[in-house]
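Comments concern the structure below.
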There are 2 protein chains.
Amino acid sequence: MELNITRPTLLLDEAKMLANLDRMLQKAQRTGTELVPHFKTHQSREIAGLFRARGVDRISVSSVKMAEYFAQNGWKDITVAFPLNPLEVDALNVLLEQGVKLTVLVADPAVIQHVAGRFKQTVNVLVEVDAGYGRSGLKATRVDLFERVLKALTNDESLRFYGLYCHPGNTYQANSIDDIRQIWKESIEKLLELKNTLGLSECVIRMGDTPGCTVVEYMQGVDEMGPGNFIFYDLVMNYLNVCDETDIAVAVACPVVAKYADRNQIVVHGGAVHFSKDHLFDANEQKFFGEMVILQERGWSSIIPEARLTSLSQEHGVLSVDDETFEAIEIGDVLGFLPIHSCLTANLLKSYLTLDGKRYEHMETVMS
Amino acid sequence: MELNITRPTLLLDEAKMLANLDRMLQKAQRTGTELVPHFKTHQSREIAGLFRARGVDRISVSSVKMAEYFAQNGWKDITVAFPLNPLEVDALNVLLEQGVKLTVLVADPAVIQHVAGRFKQTVNVLVEVDAGYGRSGLKATRVDLFERVLKALTNDESLRFYGLYCHPGNTYQANSIDDIRQIWKESIEKLLELKNTLGLSECVIRMGDTPGCTVVEYMQGVDEMGPGNFIFYDLVMNYLNVCDETDIAVAVACPVVAKYADRNQIVVHGGAVHFSKDHLFDANEQKFFGEMVILQERGWSSIIPEARLTSLSQEHGVLSVDDETFEAIEIGDVLGFLPIHSCLTANLLKSYLTLDGKRYEHMETVMS
């Protein structure tokens with residue numbers, strides 16, 4: 001690869017990324033759902049443009065700041081898929097005045113009294129359902145809370161009930177594809193039961209999470225899917241068997257700066273400020289922060305066995321390898337690493353270098 | 001506090017920070033060492049200015065990018081305290097041409113052949129000694145490697161041997177203050193023995209790491225100290241008993257967005273993209289990502305017992321609390337959290353808000 005890399009750099013294989021995108025669009029078509037993609041993973045106007053070129057015009061983001069960024073880049077229908085923060089109503093009103101159609105998430109009935117009468121235009125409301133993940137949302141069994149929310153919404157003209165939202169993030173802890181499908185099956189059943197119990201005729205059902213959106217085929221009753229990570233995937237998804245390692249569309253290029261033969265370890269420039277501290281465990285319960293690939297003319301190799309980043313400090317990455325790999329690597333080389341969690345890695349590296357040398361922006365370089 | 005905070009924001013208590021700085025300057029004076037502070041923790045030109053106002057003009061950074069940032073802000077004597085990367089010699093030459101006096105770190109003898117004859121002006125060379133930490137540097141016992149480095153340096157006029165550098169980061173794993181002092185004692189002994197064995201008359205000894213620089217009083221033989229984290233400290237340092245919690249000079253302000261009474265958990269806006277995924281373990285071996293404080297008129301309270309961020313996703317923080325604290329918190333409140341690792345948290349939040357409302361820049365907002 002002749003990209004003249006001298007510092008930690010996030011490489012983007014556009015062909016892999018577009019294959020991931022097209023596959024998810026096909027999944028939406030096949031299941032009769034609408035893909036309302038989550039842009040928290042790439043946070044990039046150029047990558048966003050590739051979605052638009054494929055007909056996507058409704059998106060999700062994970063913060064009002066991110067909504068502002070994509071609004072500045074021409075997006076007009078945005079779900080802020082994070083519990084509505086009453087302190088940001090003024091910022092949301094600015095977006096409404098700019099002509100952005102907003103959907104917000106209610107994850108606690110009490111929030112409605114904090115925002116009552118404060119929106120200057122109508123916003124759609126998705127009510128978040130906790131179907132077992134236990135992070136945010138109203139417990140699916142608490143029909144009384146949903147009734148309270150619906151009643152409160154009818155008292156405020158600017159808040160229009162849109163539907164139920166569920167991010168079953170417990171799929172990230174699943175032990176198999178069957179587990180993921182089972183979590184989805186149960187979650188969808190709970191949502192449909194709730195819709196029925198509440199007597200809701202007009203109620204969109206939106207499901208999040210990349211594992212489920214990738215592997216579930218039966219989506220009867222689901223109207224919209226909102227996955228984010230699928231655009232790049234990463235080692236977490238690979239270890240869940242949700243994607244193949246060849247689907248992972250980003251790799252971090254890191255220069256080699258030192259070798260230590262007595263412990264078969266190599267120090268690269270690539271640390272916690274590039275990868276994040278997210279990790280997985282190998283078969284020996286050893287923590288690791290990335291797996292090595294060899295950078296090639298047009299991309300990178302498959303994962304090199306027994307070549308993992310076994311510790312990270314702020315800027316240092318310590319790569320542990322076997323004898324053969326150790327001998328093959330020299331100071332001045334640039335190695336590739338597949339990230340554990342591509343969303344956090346992209347957020348830290350803050351720009352993308354495509355294999356043909358284009359630079360794509362990340363929100364974090366322009367919004368602060 | 002009337003700072004109009006609506007989003008995750010890094011608060012800086014300048015009085016605490018200046019007390020930390022003045023205490024370290026006094027330590028340097030008392031021990032007869034020079035403080036060559038590491039700026040990787042704050043990465044801020046305004047905070048850097050507070051060092052300059054106290055007579056500091058030599059600094060360390062952890063990347064060439066950071067050297068470029070501080071050079072742009074008037075710093076003229078910079079150590080890049082990261083193993084010399086041959087791919088960045090051109091970038092270093094640009095700094096030399098701008099009149100910056102550079103000190104680089106050699107952590108592997110082989111690097112010298114990669115840079116031979118390529119520096120356009122003289123650079124100082126610190127040779128990194130691994131006295132037991134096991135991350136980077138030449139093992140203190142390998143006298144042959146040091147001899148090889150010294151010989152190679154004499155063959156290149158642009159490379160001037162300056163001294164030995166040791167970052168005994170194993171102090172972060174110490175179980176007591178005595179352990180930290182013992183690690184330093186042994187490290188210094190190894191450095192002095194090496195200096196003696198190699199017959200070096202002119203050889204500066206520089207020691208890094210905040211735990212040691214904070215708690216060690218006996219520094220005979222040490223010429224320079226290069227700590228970074230001490231400027232803010234954090235929960236890692238507090239749990240090591242290296243600092244008191246009242247010394248921690250930064251806290252992350254996070255809006256409350258949802259409450260779940262059935263599990264005494266509160267969701268705040270503050271996740272892995274704000275705190276990083278660094279964590280500690282409480283007395284019950286439960287992982288946590290930050291401890292709660294109450295924001296007050298001029299700063300924040302002491303740590304609230306049993307109020308910790310027990311899980312983080314990209315933007316969500318889940319705060320687990322006892323009944324009393326749960327009742328006291330409402331949606332729309334802004335809570336404070338002391339970070340586990342202040343360097344990574346500052347790197348993610350990318351600016352500082354002082355208690356009187358000043359905004360201080362972080363390098364990451366201007367260099368990308």
Side-chain angles (χ1 to χ4, degrees), chain A residues 5-7 40 62-65 82-88 90-91 107-108 110-111 114 128 130 134-137 139 142 169 255-260 262-263 265 267 269 271-273 276-279 311 313-316 318 330-332 334 341 343-344 347-348 350-351 362 364-365 368, chain B residues 5-7 40 62-65 82-88 90-91 107-108 110-111 114 128 130 134-137 139 142 169 255-260 262-263 265 267 269 271-273 276-279 311 313-316 318 330-332 334 341 343-344 347-348 350-351 362 364-365 368:
Chain A
I5 292 167
T6 63
R7 295 178 180 176
K40 76 188 177 88
S62 56
S63 67
V64 178
K65 180 170 90 165
F82 183 83
L84 177 59
N85 172 3
L87 301 177
E88 292 194 300
D90 291 347
D108 182 330
V111 78
H114 289 271
E128 185 176 9
D130 178 359
R135 182 181 69 179
S136 53
K139 269 198 167 174
R142 291 291 304 273
V256 173
V257 296
K259 292 182 65 180
Y260 300 102
D262 58 321
R263 49 188 159 101
Q265 288 186 328
V267 175
H269 190 189
V273 294
S276 91
K277 277 289 190 83
D278 255 356
H279 52 267
S311 80
S313 37
Q314 186 164 345
E315 303 265 356
H316 298 69
V318 176
E330 283 188 35
I331 287 177
V334 178
H341 188 166
C343 313
L344 298 187
N347 185 70
L348 283 160
K350 295 190 289 293
S351 82
H362 186 286
E364 287 295 319
T365 54
S368 53
Chain B
I5 292 168
T6 63
R7 295 177 180 178
K40 77 188 176 86
S62 56
S63 68
V64 178
K65 180 170 91 165
F82 183 84
L84 177 59
N85 172 3
L87 301 177
E88 292 194 300
D90 291 347
D108 182 331
V111 78
H114 289 271
E128 185 176 9
D130 178 359
R135 182 181 69 179
S136 54
K139 268 198 168 174
R142 292 291 303 274
V256 173
V257 296
K259 292 181 67 179
Y260 300 103
D262 58 319
R263 48 188 159 100
Q265 289 187 328
V267 175
H269 190 190
V273 296
S276 93
K277 278 288 190 86
D278 254 356
H279 53 266
S311 80
S313 37
Q314 185 163 344
E315 304 265 357
H316 298 68
V318 177
E330 283 188 34
I331 288 178
V334 177
H341 188 166
C343 313
L344 298 186
N347 184 71
L348 283 160
K350 297 191 287 294
S351 82
H362 186 286
E364 288 295 319
T365 52
S368 53

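So that the names make sense, note that chain A is the first sequence line, chain B the second, and so on, each numbered from 1.
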Would you mind telling me which of [options] has the largest number of heavy-atom pairs within less than 4.5 Å of chain B?
{"options": "A:C343, A:G134, A:G271", "result": "A:G134"}
{"options": "A:S136, A:A110, A:A272, A:A258", "result": "A:S136"}
{"options": "A:L84, A:V318, A:V267, A:D278", "result": "A:D278"}

Using heavy-atom distances under 4.5 Å, tell me whether [X] contacts chain B through its side chain, its backbone, both, or neither.
{"X": "A:R263", "result": "side chain"}
{"X": "A:H279", "result": "side chain"}
{"X": "A:D262", "result": "side chain"}
{"X": "A:V64", "result": "both"}

Quiz item: For the side chain of B:N85 and the backbone of A:R7, is there at least one donor-acceptor N/O pair under 3.5 Å apart?
Solution: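 Not confirmed, B:N85 side chain does not pair with A:R7 backbone.
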Quiz item: Under the 3.5 angstrom rule, does the side chain of B:Q314 hit a backbone N or O of A:K40 as a donor-acceptor pair?
Solution: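 At least one qualifying donor-acceptor pair exists.
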Exercise. Using 4.0 Å as the upper bound for N to carboxylate O, is an ion pair formed by B:E88 and B:K65?
Worked result: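 No, B:K65 and B:E88 are not salt-bridged.
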Checklist line | Non-neighbouring partners of A:S62 that pass side-chain hydrogen bond (donor to acceptor under 3.5 Å, both in side chains), sequence neighbours left out | finding: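 For A:S62 the side-chain hydrogen bond (donor to acceptor under 3.5 Å, both in side chains) partners, ignoring immediate neighbours, are B:E315.
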| message | To check you understand the geometry: which heavy-atom pair defines the closest contact between A:P255 and B:L87, and what is its length? | response |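 Here A:P255 and B:L87 meet closest at CB-CD1, 3.9 Å.
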#### Entry: Between B:H316, B:K277, B:Q265, B:H269, the one whose heavy-atom pairs under 4.5 Å with chain A are most numerous
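Result: the option with the highest number of such pairs is B:H316.
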Residues in side chain to side chain contact (heavy atoms under 4.5 Å, CB included) with B:H114, at least two apart?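 Testing B:H114 for side chain to side chain contact (heavy atoms under 4.5 Å, CB included), a comparison that skips the adjacent residues, returns A:E330, A:I331, B:P86.
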